[in-house]
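A quick write-up on the structure given underneath.
All residue numbers refer to positions in the sequence shown, counting from 1. These figures come from a predicted structure and were not determined experimentally.
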Amino acid sequence: MEHQLWFTSLLNGVLGGPVAALLNAVGQPPADPAHPITNHFAMQVLAVLIIMVVLGAVRGAVSMDKPGKLQQFFELLIEGIDGMLEEIVGHGGRPFIPMLFTLAIYIFLCNILGIIPTLETPTDQVGVTLGLALVSFVYYNYWGIHHHGVLGYIKASFMGPMLAIAPLMFPIEVVSHLARVLSLSVRLMANMIAGHNITLIFMGLVPQGLPILFEGLHLAVGALQAYVFIMLTTVYLAGAVAEEH
């Protein structure tokens, strides 16, 4: 049984009963019925709550004349995503901004929660990163179908450039698309585990001073991995909505 963080204990105290009942109803009884909510799930809930509070505060204080620092930060982030879409997808990429923006701040926050004492990084769990990868997978395939139609998307993305080689290309493309899920999830998880382990090692060797530098490295790795995830999702989106392959 894992050691519960304070926020996990709080959630289990408030929602443990309904969550356990829901899991039993769907045929997935929790290992610990008294504490069905795990640390990594609780950390994701905390990340969502933080995002809601911060964005709510920014929205309530939006100013065209004197924007605050948080507003400027999020405006720069949105402009950066817009620029990446313009470069990779081309014109017509703006509808993707809300989803990519949400993924970016959510993944980044999940990546760095472990820096805060008494909290953990949920993205060092494969179940969490697999869920994020599946969101990306479903999202870009949805837009591919929305743009081309079902048959048009299958033809454009899975059949290859020539009908004669379509029977060969179709299984290859299916495996390639499924491999993207594995690649996105394992890359993010592995990098967050590596960053966490490096910090623990140096905290054991040099308990004071130097580990702070590696917490900064953890912060940088968290930002970089969020960027890589969003960039790859953008590349997949570009392929899904492209007119020619």
Side-chain angles (χ1 to χ4, degrees), residues 1-60 96 98-143 145-146 150 177-193 195-197 200 218 222 225-226 229-230 232-233 236:
M1 185 183 300
E2 67 176 358
H3 169 71
Q4 287 194 72
L5 304 174
W6 67 270
F7 188 75
T8 309
S9 297
L10 178 63
L11 281 185
N12 277 313
V14 176
L15 300 172
V19 170
L22 177 62
L23 292 174
N24 286 321
V26 298
Q28 297 292 330
D32 183 2
H35 306 95
I37 300 175
T38 60
N39 284 334
H40 64 269
F41 183 83
M43 292 299 96
Q44 294 178 83
V45 173
L46 179 59
V48 171
L49 292 176
I50 292 173
I51 291 170
M52 291 174 64
V53 170
V54 172
L55 292 184
V58 171
R59 180 179 180 182
F96 308 139
M99 183 62 172
L100 295 178
F101 172 78
T102 304
L103 273 176
I105 59 176
Y106 177 76
I107 294 173
F108 172 68
L109 187 55
C110 285
N111 286 350
I112 66 168
L113 276 179
I115 296 176
I116 304 171
T118 74
L119 299 181
E120 291 183 358
T121 297
T123 42
D124 63 3
Q125 300 290 321
V126 68
V128 176
T129 58
L130 179 60
L132 291 167
L134 287 172
V135 168
S136 173
F137 178 80
V138 171
Y139 185 69
Y140 82 76
N141 279 294
Y142 163 79
W143 275 101
I145 293 171
H146 180 271
V150 176
H177 280 255
L178 293 176
R180 294 174 179 180
V181 177
L182 180 64
S183 174
L184 284 172
S185 58
V186 172
R187 178 187 292 105
L188 180 56
M189 179 196 69
N191 279 281
M192 299 322 300
I193 290 176
H196 178 68
N197 287 340
L200 288 179
H218 192 132
Q225 291 308 310
F229 194 101
I230 298 306
L232 290 175
T233 301
Y236 301 153

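In this structure, Leu5 and Met43 have side chains that are in contact, with non-hydrogen atoms separated by less than 4.5 Å. Proximity of Ile105 to Val54: side-chain heavy atoms (C-beta onward) are nowhere separated by under 4.5 Å. Within the 4.5 Å cutoff, the side chain of Tyr140 has heavy atoms near those of the His177 side chain. Side-chain contact between Arg187 and Gln225 is present, with at least one heavy-atom pair separated by less than 4.5 Å. No side-chain heavy atom of Tyr139 sits under 4.5 Å from any side-chain heavy atom of Tyr236. Side-chain contact between Met99 and Val135 is present, with heavy atoms from C-beta onward closer than 4.5 Å.
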key: Derivation of the side chain to side chain contact (heavy atoms under 4.5 Å, CB included) call for Leu11 and Val19   = CA-CA 10 Å; Leu11 281 185; Val19 170; over 6 Å; no

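For the atom pair Leu46 CG and Leu119 CG, the distance stands at 6.0 Å (nearest 0.5 Å). Taken from OG in Ser183 to CG in Leu232, the straight-line distance is 6.5 Å, to the nearest 0.5 Å.
The two atoms that bring Ile230 and Ala104 nearest to each other are CD1-N, 3.6 Å, heavy atoms only. Contact detail for Cys110 and Thr121: the closest heavy-atom pair is O-CG2, 3.3 Å. Listed here is the closest heavy atom pair of Thr8 and Gln4: CG2-OE1, 3.5 Å. Minimum heavy-atom separation, Leu113 to Glu120: CB-O, 3.3 Å. For Gly222 against Ile112, the heavy-atom pair with the smallest separation is CA-CG2, 4.4 Å. Of all heavy-atom pairs spanning His3 and Asn39, the tightest one is O-ND2, 2.6 Å.
By the 6.0 Å contact criterion, CZ on Phe101 is enclosed, its count of non-hydrogen atoms from other residues, nucleotides or ligands being greater than 12.
Below 30°, between 30° and 60°, or above 60°: for His146 and Trp143 the angle between ring planes is above 60°, a perpendicular geometry.
A search for side chain to side chain contact (heavy atoms under 4.5 Å, CB included) contacts involving Ala133 returns Val181, Leu184, Ser185, not counting sequence neighbours.
Residue pairs meeting the side-chain hydrogen bond (donor to acceptor under 3.5 Å, both in side chains) criterion with at least one member in residues 100-118, sequence neighbours excluded: Trp6-Thr118, Gln44-Tyr106, Asn111-Thr123. The side-chain hydrogen bond (donor to acceptor under 3.5 Å, both in side chains) contacts involving residues 14-25 comprise nothing, where partners must be two or more places apart or lie in separate chains.
Side-chain atoms of Asn12 come within 3.5 Å of backbone atoms of Ile37 as a donor-acceptor pair (strictly under, hydrogens ignored).
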